[in-house]
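Please read the structure below before turning to the comments.
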Amino acid sequence: MRWNGRKLLLTAAVSLLCLGGCSSKGQPEPEEQQTSIEVSPFTGEITDAIDNRPIIATISNIPAARPQSGLSDADQIYEFLAEGQVTRFAALFQSKVPDQIGPIRSARDYFVNLAEGMDAFYIAHGYSPDAKRLLDDRVVDHINGINHDGTLFERSADRQAPHNSYISKEHIAEAFSLVNASEKITAQPSFSFLNPDESDKIGDIASAVQVSYSSDPNFISTYQYDQEENRYYRSVNGIDTVDKLNERRIEMANIIVMEMAHQTVDQQGRLTIDLESGGQAMLFHEGIAKPIEWQNKDGFLTPVEQGVPVKLTAGKTWIHIVPSLSGPSTSVTYTP
């Protein structure tokens with residue numbers, strides 16, 4: 001069964017309702033015959049925000065920007081290379097918008113293209129020349145700190161610019177209104193999730209996972225699998241990844257590594273990244289590792305197995321985008 005954000009009927013609820021009140025023939029009363037739940041299209045978990053439009057925010061990831069704010073509430077976090085062999089996050093929020101998100105950093109064309117494919121509302125502070133052209137053409141509804149520094153975007157006094165720009169939940173709501181953007185989801189992803197009574201144990205045992213973007217330990221992610229919680233906990237250079245807002249450790253149900261073609265396009269080392277062609281990928285969940293592929297399905301970077309969306313574990317997902325020159329096989333190591 002695919003949990004893809006549509007209403008699901010809880011057949012088990014019918015028998016439970018009979019305990020509380022059935023007709024003389026043992027059938028539920030008419031008003032109790034159907035009980036439904038709403039499931040997040042991005043996590044497969046129960047949510048009351050099923051119709052919310054997704055938000056994608058570009059977030060700084062240099063050491064001076066850590067710990068970041070709002071990451072524990074992101075349904076998905078995409079980690080991309082930026083120039084200089086550092087990475088940035090494209091954090092997707094749909095089930096919940098945190099009180100604050102940041103530090104917000106500048107747009108790149110692949111962040112804009114990612115948001116456009118999902119019809120997400122896009123948040124950044126600054127832009128590359130290619131990203132600016134896309135934003136000026138209004139390919140995606142967005143708000144940018146260049147135009148709203150000190151108003152919708154606020155500077156933190158405890159960090160240095162440009163890694164100190166934040167946007168609050170209230171200001172995001174103002175931004176939607178300011179640009180006359182719809183707050184309702186329009187594009188449904190094709191992500192598929194395991195049912196609560198299902199598990200996936202077909203693959204190599206992988207209790208510890210490491211994803212490297214370079215030899216710099218500040219951009220090597222380590223994940224440790226907790227079998228009891230069925231979640232992965234992330235650390236970088238020996239420091240746990242936590243949310244500055246609540247000091248909670250970041251926990252993930254799925255870790256995905258997608259191989260994409262990267263090309264340097266200017267003297268500053270800016271990149272263009274192929275989000276369209278598909279390619280090799282690796283999935284880590286349920287304590288196992290398996291080689292899969294990814295496809296761009298109607299704008300969504302979708303993990304697939306033999307062309308069919310692979311079933312993920314319900315919960316949050318971290319997606320690493322790595323260059324095809326290295327690929328998942330060399331960017332990733334794991335141990336039982």
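The first residue in the sequence is number 1, and the count goes up from there. Computed from a predicted model, the values in this text were never measured in an experiment.
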Considering residues, nucleotides and ligands other than Lys96, do more than 12 of their heavy atoms fall under 6.0 Å from its NZ? no
In Å and rounded to the nearest 0.5 Å, what is the CD1 to OH distance from Ile59 to Tyr78? 14.0 Å
Rounded distance (nearest 0.5 Å) linking atom OG of Ser106 with atom CZ of Arg88: 4.0 Å
Going through the distances and angles, do Leu194 and Lys311 end up as a side-chain contact (heavy atoms from CB on, under 4.5 Å)? CA-CA 5 Å; Leu194 295 166; Lys311 286 189 175 183; 3.7 Å; yes
Of all residues at least two apart in sequence or in a different chain, which pass the side-chain hydrogen bond (donor to acceptor under 3.5 Å, both in side chains) check with Arg53? Asp119, Asp141
Take a 6.0 Å sphere around CG of Leu178 and say whether it holds more than 12 heavy atoms from other residues, nucleotides or ligands. yes
Assess whether ring-ring contact (aromatic ring centres under 6.0 Å, His included) is satisfied between Phe80 and Phe111, documenting all intermediate values. CA-CA 9 Å; Phe80 286 87; Phe111 294 134; 5.3 Å; yes
Would Arg66 pass as a cation-pi partner of Phe219, given that its NZ or CZ must be under 6.0 Å from the six-membered ring centre and within 45 degrees of the axis? yes
Does a side-chain heavy-atom distance below 4.5 Å link Phe93 with Ile172? no
Do Ile104 and Val179 belong to the same hydrophobic cluster, where Ile, Leu, Val, Met, Phe, Trp and Tyr are linked whenever their side-chain heavy atoms lie under 4.5 Å apart, directly or via other members? yes
Supply the atom-to-atom distance Ile256 CD1 to Met282 CE, rounded to the nearest 0.5 angstrom. 11.5 Å
Taking the side chain as everything from C-beta on, heavy atoms only, tell me whether Val209 gets closer than 4.5 Å to Val332. yes
Should Leu134 and Tyr127 count as side-chain neighbours, where that means a heavy-atom distance under 4.5 Å? no
On a heavy-atom basis, the closest approach of Ile321 and His262 is CG2-CE1, 4.1 Å
Output, in order, the C-alpha distance, side-chain angles, deciding distance and verdict of salt bridge (Lys or Arg N to Asp or Glu O under 4.0 Å) for Asp226 and Arg249. CA-CA 13 Å; Asp226 186 316; Arg249 288 192 69 183; over 6 Å; no
For atom CD of Gln210, decide whether the heavy atoms of other residues, nucleotides or ligands shown that lie under 6.0 angstrom number more than 12. yes
Sequence neighbours left out, cut at 3.5 Å: what donor-acceptor pairs do the side chains of residues 143-152 make with other protein atoms?
residue: Asn144; atom: OD1; partner: Gly126; partner atom: N; Å: 2.8
residue: Asn144; atom: OD1; partner: Ile146; partner atom: N; Å: 3.0
residue: Asn144; atom: ND2; partner: Gly126; partner atom: O; Å: 3.1
residue: Asp149; atom: OD1; partner: Arg155; partner atom: NE; Å: 3.2
residue: Asp149; atom: OD2; partner: Arg155; partner atom: NE; Å: 3.4
residue: Asp149; atom: OD2; partner: Arg155; partner atom: NH2; Å: 2.9
residue: Thr151; atom: OG1; partner: His148; partner atom: O; Å: 2.9

Check the pair Gln94, Met118 against side-chain contact (heavy atoms from CB on, under 4.5 Å), reporting the backbone distance first and the verdict last. CA-CA 11 Å; Gln94 194 273 334; Met118 298 183 179; over 6 Å; no
Value for NE2 (His285) from OH (Tyr232), rounded to nearest 0.5 Å, stands at 7.5 Å
May I ask whether Ile55 and Phe89 are part of the same hydrophobic cluster, defined by side-chain heavy atoms of I, L, V, M, F, W, Y residues being less than 4.5 angstrom apart, directly or through others? yes
CG/Asn237: more than 12 non-hydrogen atoms of other groups inside 6.0 Å: yes
Would you compute the distance between atom OG1 of Thr58 and atom NE2 of His125 and round it to the nearest 0.5 angstrom? 12.0 Å
Test side-chain contact (heavy atoms from CB on, under 4.5 Å) on Val86 and Asp216; report intermediate values, then the result. CA-CA 9 Å; Val86 304; Asp216 185 344; over 6 Å; no
Go through Glu286 and Ser199 one step at a time and tell me if the side chain to side chain donor-acceptor pair (under 3.5 Å) criterion holds. CA-CA 7 Å; Glu286 309 280 316; Ser199 64; 4.8 Å; no
Can you name the closest pair of heavy atoms from Ser221 and Glu79 and give their distance? OG-OE1, 3.9 Å
With a 4.5 Å limit on heavy-atom distance, are the side chains of Ser128 and Gln268 in contact? no
Inter-residue atom distance Asn52.CG - Thr47.OG1, 0.5 Å rounding: 7.0 Å
Between Asn164 and Ser156, is any side-chain donor less than 3.5 angstrom from a side-chain acceptor? no
Provide the closest heavy-atom pair for Gly307 versus Gln295 in the form atom of the first, atom of the second, distance. CA-NE2, 3.9 Å
Tell me, with the steps shown, if Thr272 and Asp130 meet side chain to side chain donor-acceptor pair (under 3.5 Å). CA-CA 9 Å; Thr272 184; Asp130 287 340; over 6 Å; no
At their closest point, which heavy atom of Asn254 faces which heavy atom of Gly315, and how far apart are they? ND2-O, 4.2 Å
Correct closest heavy-atom pair for Arg108 and Ala131 would be C-CB, 3.6 Å
Can His320 and Tyr223 be said to form a ring-ring contact (aromatic ring centres under 6.0 Å, His included), step by step? CA-CA 12 Å; His320 288 273; Tyr223 299 90; 5.7 Å; yes
Can you see which heavy atom on Ala314 is nearest to which on Gly44, and at what distance? CB-O, 3.8 Å
Quick one: do the Thr313 and Asn230 side chains pair a donor with an acceptor below 3.5 Å? no
With a sphere of 6.0 Å drawn around CG of Asp136, does it hold more than 12 non-hydrogen atoms of other residues, nucleotides or ligands? yes
Do Val97 and Phe42 belong to the same hydrophobic cluster, where Ile, Leu, Val, Met, Phe, Trp and Tyr are linked whenever their side-chain heavy atoms lie under 4.5 Å apart, directly or via other members? yes
Show your working on side-chain contact (heavy atoms from CB on, under 4.5 Å) between Val236 and Thr222 and close with a plain yes or no. CA-CA 6 Å; Val236 176; Thr222 300; over 6 Å; no
Contacts of Phe121 that satisfy ring pair (Phe, Tyr, Trp, His ring centres under 6.0 Å) - sequence neighbours left out: Phe176
